[in-house]
2 protein chains.
Amino acid sequence: MVMRTRGGRRAGDSGSRDAILAAARDRFAGHGYDGATIRAIAADAGVDPALVHHYFGTKEHLFVSALRLPIDPRQMVAQVLDAGPRRELGERMVRFFLRVWGDERSRAPVLAMIRSAATNEQAATMVRQFVTSALLSRVTDGIGVPRLRVEAAVAQLIGIALLRYVVKVEPMASAPDEELVALVAPLIQRILDET
Amino acid sequence: MVMRTRGGRRAGDSGSRDAILAAARDRFAGHGYDGATIRAIAADAGVDPALVHHYFGTKEHLFVSALRLPIDPRQMVAQVLDAGPRRELGERMVRFFLRVWGDERSRAPVLAMIRSAATNEQAATMVRQFVTSALLSRVTDGIGVPRLRVEAAVAQLIGIALLRYVVKVEPMASAPDEELVALVAPLIQRILDET
DNA sequence: GTCTATAATCGGATAGAC
DNA sequence: GTCTATCCGATTATAGAC
């Protein structure tokens with residue numbers, strides 16, 4: 001029968017494990033670590049709560065499993081930095097940012113990190129380490145910009161994400177991507193350019 | 001005995017009510033609405049949990065009581081807008097922003113709103129209405145800047161608050177106020193200036 | 001693989017004594 | 001004004017049957 005050594009679904013598996021992971025991503029994204037309950041995740045996935053423990057052990061383990069990004073951050077950063085001329089870096093960053101937040105699959109883990117970090121100290125530490133090592137350090141190393149400036153640019157983007165996708169303030173929430181690019185790309189570019 | 005009609009402490013009051021309010025502000029600020037428990041608030045205040053209900057009824061009522069800002073937002077906005085020449089508006093906004101976040105008394109309610117809005121839908125609605133009516137509308141009316149631009153400026157400041165005071169990323173978290181003013185004020189000014 | 005049953009804890013809220 | 005006692009619901013987690 002079907003029996004692979006790597007990848008794919010193992011023999012005997014139903015789709016429950018993946019269903020749990022998908023439901024967990026949604027719940028963590030929507031309510032943060034503390035607000036997402038195993039019972040609700042199980043209900044969303046259509047399985048028994050005990051099955052969640054059977055697959056993932058503790059809630060914390062489920063959290064880190066659910067947050068594994070579908071793409072590799074280091075690869076993404078390198079791509080954004082090198083995909084064109086330096087004078088268009090601001091625009092590339094804004095477009096990349098909007099693409100991540102526009103796609104449900106990548107938005108859920110990021111939203112989960114933000115929502116959880118806001119109220120859970122352990123999650124905040126995870127986010128701090130991730131932002132520092134996976135993003136800031138690579139960007140700072142890749143281009144010759146002082147770290148405080150890179151952080152100011154990141155702050156601009158995170159603030160927009162908060163107003164647009166979490167608090168949902170108008171007209172920011174409904175503005176088309178292109179309008180945001182036209183507005184924000186020059187701002188980011190300027191932050192990075194002035195030594 | 002002592003018996004005033006307005007202001008001051010009423011006869012028979014101990015300091016418990018104020019102690020509860022102060023503890024509630026800290027807890028809501030530190031853990032968000034859902035994460036702050038009445039039992040913990042009571043413990044911080046050194047009183048019995050039942051006393052919290054005695055004074056404030058439900059947890060929700062306690063929340064809105066704890067979040068009454070010590071200053072009036074409409075007054076603050078007007079002051080920032082009119083306190084100097086238009087070309088220094090960016091600097092005034094940044095300095096005001098840093099003053100609010102630098103003082104514990106004003107930081108606690110703002111932090112509580114952010115942390116709660118991140119995971120609690122009801123709190124998010126409160127924040128959205130507050131940001132829209134109390135801040136954005138007044139600023140947009142006061143100066144002739146499109147709302148989307150004002151929101152971009154607010155996003156820049158909120159993002160900085162997040163990195164500096166919540167996630168605590170270095171060097172943003174430890175940078176002196178003046179360094180941030182020098183870096184950010186021109187950015188805000190530019191957002192507001194270009195039609 | 002999946003579920004039942006249950007332990008152990010913690011949450012908000014209330015009634016009522018003092 | 002303040003506290004004791006308690007109700008009732010929800011939570012994570014485990015043991016074990018099927």
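Throughout, protein chains are lettered first and strands after them, A, B, ... in sequence-line order, and every chain is numbered starting at 1. Computed over heavy atoms, backbone and side chain alike; hydrogens, waters and symmetry mates excluded.
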Acceptor/donor pairs from residues 157-185 of chain A side chains to any protein atom, 3.5 angstrom cut, sequence neighbours excluded:
residue  : atom : partner  : partner atom : Å
A:Arg164 : NH1  : A:Met172 : O            : 2.9
A:Arg164 : NH1  : A:Ala175 : O            : 2.8
A:Arg164 : NH2  : A:Ala175 : O            : 3.2
A:Arg164 : NH2  : A:Asp177 : OD1          : 2.9
A:Glu170 : OE1  : A:Ser174 : N            : 3.4
A:Glu170 : OE1  : A:Ser174 : OG           : 2.9
A:Glu170 : OE2  : A:Ser174 : OG           : 2.8
A:Glu178 : OE1  : A:Arg95  : NH2          : 3.3
A:Glu178 : OE2  : A:Arg95  : NH1          : 2.9

I'd like a table of donor-acceptor pairs (distance under 3.5 Å, sequence neighbours excluded) in which one partner is a side-chain atom from residues 38-45 of chain B, with atom names and distances.
residue : atom : partner : partner atom : Å
B:Asp44 : OD1  : B:Arg27 : NH2          : 3.4
B:Asp44 : OD2  : B:Arg27 : NE           : 2.8
B:Asp44 : OD2  : B:Arg27 : NH2          : 3.4

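By the salt bridge (charged side-chain N to carboxylate O under 4.0 Å, His left out) test, B:Glu194 is found to be paired with B:Arg190, residues two or more places apart in sequence or in another chain being considered. Listed by chain and residue number, nothing satisfies the salt bridge (charged side-chain N to carboxylate O under 4.0 Å, His left out) test with A:Asp48 (two or more places apart in sequence, or in another chain). Residues forming a salt bridge (charged side-chain N to carboxylate O under 4.0 Å, His left out) with B:Asp82 (at least two apart in sequence, or on another chain): none. Legend: residues meeting side chain to side chain contact (heavy atoms under 4.5 Å, CB included) with A:Gln79, ordered by chain and number and at least two apart, are absent. Scanning for salt bridge (charged side-chain N to carboxylate O under 4.0 Å, His left out) contacts around B:Asp103 gives an empty result, with sequence neighbours left out. Not counting sequence neighbours, the partners of A:Glu104 by the side chain to side chain contact (heavy atoms under 4.5 Å, CB included) test are A:Arg107.
Scanning residues 21-33 of chain A for heavy-atom distances under 4.0 Å to DNA chain C yields an empty list.
Heavy atoms of B:Ala36 sit under 4.0 angstrom from primed sugar atoms or phosphate atoms, though from no base atom.
Taking atom NE2 of B:His61 as the reference point, atom C1' of C:dG12 lies 16 Å away to the nearest angstrom. What separates NE2 of B:His53 from P of C:dA13 is a distance of 4 Å, to the nearest Å. The nearest whole Å value for the distance from the CG atom in A:Asp18 to the P atom in C:dG1 is 12 Å.
With salt bridges taken as basic N to acidic carboxylate O contacts below 4.0 Å, none links B:Arg87 and B:Asp193.
Bending across the helix from C:dG1-D:dC18 to C:dC18-D:dG1, expressed as the angle between its end axes from five pairs apiece, amounts to 0° (10° rounding).
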Between protein and nucleotides 2-7 of chain C, map the contacts as a letter string: B base, S sugar-phosphate only, - none, heavy atoms under 4.0 Å, written 5' to 3'. BBB---

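Counting only residues at least two apart or in different chains, ring pair (Phe, Tyr, Trp, His ring centres under 6.0 Å) contacts with residues 68-93 of chain A are absent.
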